[in-house]
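Computation of the quantities below employed the complete heavy-atom set of this structure, encompassing side-chain atoms and omitting hydrogens, waters and symmetry-equivalent molecules. One is the number of the first residue; the rest follow in order along the sequence.
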Amino acid sequence: MQVPSVVKINALTVPAEQREILERRFASRAGAVESSDGFEWFELLRPVEGTDQYLVYTRWRSEEDFQAWMEGPMKAAHQGGQGGPGGAGEGGAGGGGERPKPAASASTVWSFEVVQQAAPKKAEEPGA
């Protein structure tokens with residue numbers, strides 16, 4: 001039996017004037033999580049209406065893989081700053097100098113196990 005994947009969703013409260021900054025920081029993270037062992041998926045979800053919360057969705061092979069990333073690459077990238085799954089958008093290009101002001105005013109991490117999933121059905125090929 002395959003162990004279910006683990007999903008981490010970081011809900012970031014982002015004031016309207018900080019949205020572009022947050023998105024730019026995520027865009028510049030360029031592979032910060034993709035090469036981590038056990039990493040399966042990442043999405044940054046922008047709110048459309050009714051909320052000022054962005055959702056940072058990451059999926060991991062296991063809780064252990066996620067914790068290893070949190071204690072290693074993520075911690076190193078944030079050097080003690082605000083962080084979370086997907087980097088909370090506070091990482092950026094280069095090191096040294098003064099840390100930029102966080103784009104998010106609050107952050108909450110939710111944890112889930114994948115118990116069911118579905119993908120689009122593939123169309124049957126002619127002659128099959």
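- In this structure, Asp37 pairs ionically with Arg61, as a charged nitrogen and a carboxylate oxygen lie closer than 4.0 Å.
- The CD atom of Gln53 lies 9.5 Å from the OG atom of Ser107; values are rounded to the nearest 0.5 Å.
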Problem set entry | Step-by-step side chain to side chain contact (heavy atoms under 4.5 Å, CB included) determination, Val14 to Asp52 | CA-CA 6 Å; Val14 183; Asp52 59 356; 5.9 Å; no
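- Arg46 contributes atom CZ, which lies 10.0 Å from atom CG of Leu22 (distance to the nearest 0.5 angstrom).
- Between Phe112 and Trp110, the ring planes lie perpendicular to each other; the angle is over 60°, past the 30° to 60° tilted range.
- A distance of 10.5 Å separates CD of Glu43 from OG1 of Thr58, quoted to the nearest 0.5 Å.
- The neighbour count for Glu17 CD, taken as heavy atoms of other residues, nucleotides or ligands under 6.0 Å away, is above 12.
- In this structure, Arg19 and Pro47 approach most closely via the heavy-atom pair NH2-CG, 3.1 Å.
- Note: Leu12 CG to Leu45 CG = 10.5 Å, rounded to the nearest 0.5 Å.
- When side chains are defined from C-beta on, Gln117 counts as touching Arg59, because their heavy atoms get closer than 4.5 Å.
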Problem set entry | Audit row: Gln67, Glu71, side-chain hydrogen bond (donor to acceptor under 3.5 Å, both in side chains) steps and yes/no | CA-CA 6 Å; Gln67 292 300 329; Glu71 290 303 314; over 6 Å; no
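- Of all the heavy atoms in Glu40 and Ser5, the pair that sits closest is OE1-OG, 2.7 Å.
- Exactly one of Trp60, Trp69, Phe66 qualifies for a side chain to side chain contact (heavy atoms under 4.5 Å, CB included) with Phe39. That residue is Trp60.
- Proximity of Ser105 to Gln18: side-chain heavy atoms (C-beta onward) are nowhere separated by under 4.5 Å.
- Open room surrounds CD on Glu20; 12 or fewer heavy atoms of other groups in view lie less than 6.0 Å from it.
- Distance CG/Asn10 to CG/Leu55: 9.0 Å, rounded to 0.5 Å.
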